[in-house]
Protein chains: 2
Amino acid sequence: MTRRDLAAMIAPLQRALIAAEMPVLRAHGLSMWGYVVLSALDSEPIRTQAALAEFIGADKSRIIGVLDELEDQGFLQRTRDPADRRARLLAITDEGRRKRNAVQAEIQRNEDRLLGRLPLDDRSAFLRALATLSALPPQ
Amino acid sequence: MTRRDLAAMIAPLQRALIAAEMPVLRAHGLSMWGYVVLSALDSEPIRTQAALAEFIGADKSRIIGVLDELEDQGFLQRTRDPADRRARLLAITDEGRRKRNAVQAEIQRNEDRLLGRLPLDDRSAFLRALATLSALPPQ
DNA sequence: TATTGTTATACTCTATAACTATA
DNA sequence: TATAGTTATAGAGTATAACAATA
């Protein structure tokens, strides 16, 4: 029995999900990477920019503009690490957490509409499978 | 009950799938878009470049270099449409079909290794769900 | 005038390589 | 000398606009 390539099926789905996120993010004044950063800081204890960059799979130079903007918006604080004055410690603010939660709620509401097309047990199996596969080591 | 964003789970999976495809494609002398084009032509009756571009969700100007290369490689033929001499009719060659099938077999073998991490019924539900969600209209 | 395929141009993303300040 | 963060530069990928041939 033949099937389509996984990547070929996932690509349009990913496109659709991102297209649905865009207006939500824009309405909240967040960039895609800004949302990714807030989500990372909200769910994991991350200390430095280098640690953050590695966690979200981006280069350390790529996130700087994002952090600058988030800090300007008051969603993030950067403080020098007293123990190593080269490093900057990252902390999401209460406002940042609120913003992230509001955006996520809207995004997941959209996603749930999509998931609603699936039979109930396919849906939970799908989410379970995604959670497993997304957590695999890169290799 | 909270879950991660769909997009956030799909993104690393997509990255992993593409990373696994790259060496296979390179070994066969195909670009990613070249493979996409051959797959489209092999599975759907597509006549013109405009139709192909729309089918794979790319701009018509973006596929030209891809088509040039595939033609050079002998995987594709372009002929002027006698009924409308502006248009060029696309046809995958036998060699192109063979190449596409060989590449797809290798790619899916990799993918199957990933899917092997899932319990059997989750796996079929996952594939079923993906087929459904990837086929949804962009909206 | 509109459309097909093509080419040229500009823009966005990303990766890489310098640079600074600390260690 | 090495590392954290920053800035500058260059490259890839993409979108848009202009163009020639045909309708």
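Quick note on labels: first sequence line is chain A, next is B, and so on, each numbered from 1.
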* In terms of side-chain heavy atoms, does A:Arg98 have a donor or acceptor partner in A:Thr93 at a distance below 3.5 Å? -> no
* To do: Answer yes if B:Leu70 and B:Val24 sit in the same cluster of Ile, Leu, Val, Met, Phe, Trp and Tyr residues linked by side chain heavy atoms under 4.5 Å apart, and no otherwise.
  => yes
* Structure fact -> To the nearest angstrom, the CG-P distance between B:Asp81 and C:dG5 comes to 9 Å
* To do: Give the B/S/- string for nucleotides 5-10 of chain D, one per nucleotide from 5' to 3', where a protein heavy atom under 4.0 Å of the base yields B, of only the sugar-phosphate yields S, and otherwise -.
  => BBB---
* Does B:Trp33 place a side-chain N or O at less than 4.0 Å from the phosphate oxygens OP1/OP2 of D:dA12? -> no
* Below 4.0 angstrom, N of the basic side chain to O of the carboxylate: do B:Asp112 and A:Arg3 qualify? -> yes
* Whole angstrom is fine here: how far is it from CZ in A:Phe55 over to P in D:dA4? => 18 Å
* Nearest-Å distance, CZ (B:Arg85) to C1' (C:dT6)? -> 16 Å
* **Sidechain N-carboxylate O distance under 4.0 Å for A:Asp81, A:Arg86** => no
* To do: Would you kindly confirm whether B:Leu13 and A:Val36 end up in one hydrophobic cluster when ILVMFWY residues are joined by side chain heavy atoms under 4.5 Å apart?
  => no
* Just checking, is any N or O donor in the side chain of B:Arg100 or B:Ser39 under 3.5 Å from an acceptor N or O on the other one? -> yes
* Give the rounded distance in Å between these two atoms: CE of A:Met32 and C1' of C:dT14. => 16 Å
